[in-house]
**Student:** 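Questions regarding the structure given below will be posed in turn.
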Amino acid sequence: NNLHIYLYDAKTEQLTLGAALWRNGDRKAAVSAPRKNGITFRVVKSGEPVVVNHAMEHPLWQSEDAKSWGVHAIAGFPITQGNEVIGAFTATYKTPHTFTEEELLLLNMLSDHAAVAVKNARLFEGIDQRFHEMSALVELASLASLAALAPLVALASLAALASLAALEVPEALEALVTLASPGRKS
């Protein structure tokens, strides 16, 4: 009787808890980290939903640890962005339960909503980071009024702006050299 969202890092092949919610309102994760051979990883690796209505009879629940969890039914859904699996959404019952088609449809839709929420959170994180980078550039620009530091600050600012604007750094440096060259023609 709980829901979990785990986020997947393909580079490290690690899952980290994104959110948990139990029927009683508790938000603590059921496990510190999903098992590499468990349902959550299986969902992430396959990119397909996995539904187990009789967990106690399933091969993944034959270890003493798994039996101690008291899971009777679990359904897991991939959280995707495009073709990339970025996490898993799971619903678990600690009482006998058989997932209905309507429940599976609803849980699948919730995993789609989780994908949008993760994307928005990552976009916000990126915007926040760029805001801080731009604030630092504004601070650097205010220091540029000191004539001795102006070329150095301009170079650093242009390099930072070039990376933010996805320009090639050599092109940006060439533009700076052209601007800073004595006797250049306007």
**Student:** Within a 6.0 Å radius of atom NZ on Lys67, are there more than 12 heavy atoms belonging to other residues, nucleotides or ligands?
**Tutor:** yes
**Student:** Identify the two heavy atoms, one from Gly47 and one from Val85, that lie closest to each other, and give their separation to 0.1 Å.
**Tutor:** CA-CG2, 3.8 Å
**Student:** If the condition is salt bridge (Lys or Arg N to Asp or Glu O under 4.0 Å), which residues does Glu13 pass it with, not counting sequence neighbours?
**Tutor:** Lys45
**Student:** Less than 4.5 Å apart, any side-chain heavy atom of Pro78 and any of Pro49?
**Tutor:** yes
**Student:** Can you tell me how far apart NE2 (His113) and CG (Leu106) are? Round to the nearest 0.5 Å.
**Tutor:** 8.5 Å
**Student:** Run the side chain to side chain contact (heavy atoms under 4.5 Å, CB included) test against Ala91 and tell me which residues pass, sequence neighbours left out.
**Tutor:** Leu3, Phe99, Leu107
**Student:** Ser68: what forms a side chain to side chain contact (heavy atoms under 4.5 Å, CB included) with it, not counting sequence neighbours?
**Tutor:** none
**Student:** Do you reckon Met109 sits in the same ILVMFWY cluster as Leu104, going by side-chain contacts under 4.5 Å, direct or chained?
**Tutor:** yes
**Student:** Taking atom OG1 of Thr92 and atom CD1 of Ile74, what is their separation to the nearest 0.5 Å?
**Tutor:** 3.5 Å
**Student:** Please, which pairs that meet salt bridge (Lys or Arg N to Asp or Glu O under 4.0 Å) have at least one residue in residues 34-43, sequence neighbours excluded?
**Tutor:** none
**Student:** Restricting to pairs with a member in residues 71-90, which pass side-chain hydrogen bond (donor to acceptor under 3.5 Å, both in side chains), not counting sequence neighbours?
**Tutor:** none
**Student:** For Phe77 and Val43, work out which heavy atoms get closest and say how close.
**Tutor:** C-CG1, 3.3 Å
**Student:** Measure across Ile5 and Ala114 and return the closest heavy-atom pair with its distance rounded to 0.1 Å.
**Tutor:** CD1-CB, 3.9 Å
**Student:** Mind checking side chain to side chain contact (heavy atoms under 4.5 Å, CB included) for Leu15 and listing every partner two or more places apart, or none if nothing turns up?
**Tutor:** Tyr6, Tyr8, Pro34, Thr40, Phe41, Val44
**Student:** Among pairs that include at least one residue of residues 93-114, which meet salt bridge (Lys or Arg N to Asp or Glu O under 4.0 Å), considering only residues two or more places apart or in two chains?
**Tutor:** none
**Student:** Going from CG on Asn108 to CG on Leu110, what distance comes out if it is rounded to the nearest 0.5 angstrom?
**Tutor:** 9.0 Å
